[in-house]
2 protein chains.
Amino acid sequence: MKRRNTPSKQAVLSVITKAGKAMSQDAIEEEIAIDINRATIYRVLNRFCDDGVLHKVMAEDGKQYFALCETYDTKAATHQHFHFKCTKCDTVECLPNQVNFSIPDGYLVESVNCVLTGVCKNCS
Amino acid sequence: MKRRNTPSKQAVLSVITKAGKAMSQDAIEEEIAIDINRATIYRVLNRFCDDGVLHKVMAEDGKQYFALCETYDTKAATHQHFHFKCTKCDTVECLPNQVNFSIPDGYLVESVNCVLTGVCKNCS
DNA sequence: ATTACTAATGCGATTTATTTGCAATAATTT
DNA sequence: AAATTATTGCAAATAAATCGCATTAGTAAT
């Protein structure tokens with residue numbers, strides 16, 4: 001299944017890149033220049049995740065936020081960094097901090113979802 | 001608003017205590033002996049959270065899981081431990097590991113939600 | 001250029017998790 | 001036993017995310 005280059009994909013990626021933060025579908029729809037259907041935005045986002053372009057963060061508000069994968073992120077060490085969700089401006093940003101943990105034997109960790117919630121630098 | 005002791009509260013707390021894990025509303029409804037309405041379960045759970053009896057974990061599947069607060073947990077240092085969600089048995093458990101992080105100046109952290117997803121000891 | 005192939009899109013409907021309004025019920029205090 | 005009001009059940013409402021399906025439009029081959 002070869003991927004195609006479409007205006008929707010370009011627009012979504014452009015918005016997220018410009019924001020420099022993790023964004024939810026509705027935030028993207030608000031910011032985006034062209035008119036794209038909600039379902040399409042979700043499909044574009046999920047495809048980008050599959051392709052390792054974006055990563056998904058589940059915040060405490062139960063919403064998915066999507067952020068650019070840094071180039072140094074490998075498939076193996078997947079995005080084990082903290083995220084910060086601001087309750088004031090409602091944005092999610094990737095923090096430089098890596099998540100360190102050691103789990104008991106027998107556990108197999110497939111993904112890490114760490115979100116700190118509070119008030120960000122800009123809003124405090 | 002003084003709290004009252006009701007069969008619903010007792011039943012919900014009993015199920016969670018017996019499980020020794022974090023549980024979602026539907027898992028609780030499945031396990032519970034008496035017949036309690038879905039909305040009631042949610043209200044009971046949220047009240048317990050308000051009262052510091054339970055804490056809420058948002059998993060990657062977008063569902064809320066509720067777990068007992070250990071007695072040594074204080075309001076201040078709120079539940080900064082890791083959680084593990086198993087994709088096989090679909091349960092969430094509290095890990096003993098504390099979450100350590102240092103955030104840049106200007107950020108105010110109000111809550112921490114860290115969930116590792118994978119396969120647990122029992123299922124692997 | 002034109003055609004063929006099929007990924008991507010739009011739309012509407014659906015699913016799933018959680019909450020809410022409101023009237024009825026029941027725990028607790030007097 | 002009566003009064004007060006927290007709690008519950010039920011149905012409906014929200015809200016996020018997904019899905020089926022017919023249509024559109026990239027892409028590669030001719």
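Here is the naming used below: chain letters follow the sequence lines, and residue numbers restart at 1 for every chain.
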| Ring centroid separation for B/F48 and B/F66, is it under 6.0 angstrom? |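 So the answer is no for these two rings.
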Whole-Å distance separating the [atom1] atom of [X] from the [atom2] atom of [N]:
| X | N | atom1 | atom2 | result |
| --- | --- | --- | --- | --- |
| A/I41 | C/dC11 | CD1 | P | 12 Å |
| A/M58 | C/dT16 | CE | P | 16 Å |
| A/R38 | C/dG12 | CZ | C1' | 10 Å |
| A/R43 | D/dT18 | CZ | P | 10 Å |
| A/F48 | C/dT9 | CZ | C1' | 14 Å |
| A/E60 | D/dA16 | CD | P | 16 Å |
| B/E29 | D/dT8 | CD | C1' | 14 Å |
| A/N37 | D/dA17 | CG | P | 15 Å |

Would you mind classifying the nucleic acid contact of [X] as base, sugar-phosphate or nothing, using non-hydrogen atoms under 4.0 angstrom?
| X | answer |
| --- | --- |
| B/Q64 | sugar-phosphate |
| A/D35 | sugar-phosphate |
| A/N46 | sugar-phosphate |

| task | Apply side chain to side chain contact (heavy atoms under 4.5 Å, CB included) to B/Q80 and B/F101, showing your working. | result | CA-CA 10 Å; B/Q80 304 191 349; B/F101 59 88; 4.0 Å; yes
Is the phosphate of [N] approached by [X] (side-chain N or O, under 4.0 Å from OP1 or OP2)?
| X | N | answer |
| --- | --- | --- |
| A/R47 | C/dT9 | yes |
| B/R3 | C/dA27 | no |
| A/T40 | C/dA8 | no |
| B/Y42 | C/dT19 | no |
| B/K63 | C/dA17 | yes |

Just compare [options] and give me whichever is closest to any side-chain atom of [X].
| X | options | answer |
| --- | --- | --- |
| B/R4 | D/dA6, C/dA8, D/dC21 | D/dA6 |
| B/A39 | D/dA11, D/dT7, C/dA8 | D/dA11 |
| B/M1 | D/dA6, D/dG9, C/dA7 | D/dA6 |
| A/I36 | C/dA7, C/dG10, D/dT18 | C/dG10 |

| side chain to side chain donor-acceptor pair (under 3.5 Å) involving B/T117 - partner list, sequence neighbours excluded |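 If we apply the side chain to side chain donor-acceptor pair (under 3.5 Å) test to B/T117, skipping adjacent residues, the hits are B/E60.
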| said: Angle between the two end axes of the helix from C/dA1-D/dT30 to C/dT30-D/dA1, five base pairs per end, rounded to 10 degrees? | reply: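 Angle reported: 30°, given to the nearest ten degrees.
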| task | Mind listing the residues from residues 5-15 of chain A sitting with a heavy atom below 4.0 Å of DNA chain C? Number order is fine. | result |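 Close to the strand are A/T6, A/S8.
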| message | Could you check whether A/D26 pairs with A/R38 (Lys NZ or Arg NE/NH1/NH2 to Asp/Glu carboxylate O, under 4.0 Å)? | response |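 The answer is no: the pair does not qualify as a salt bridge.
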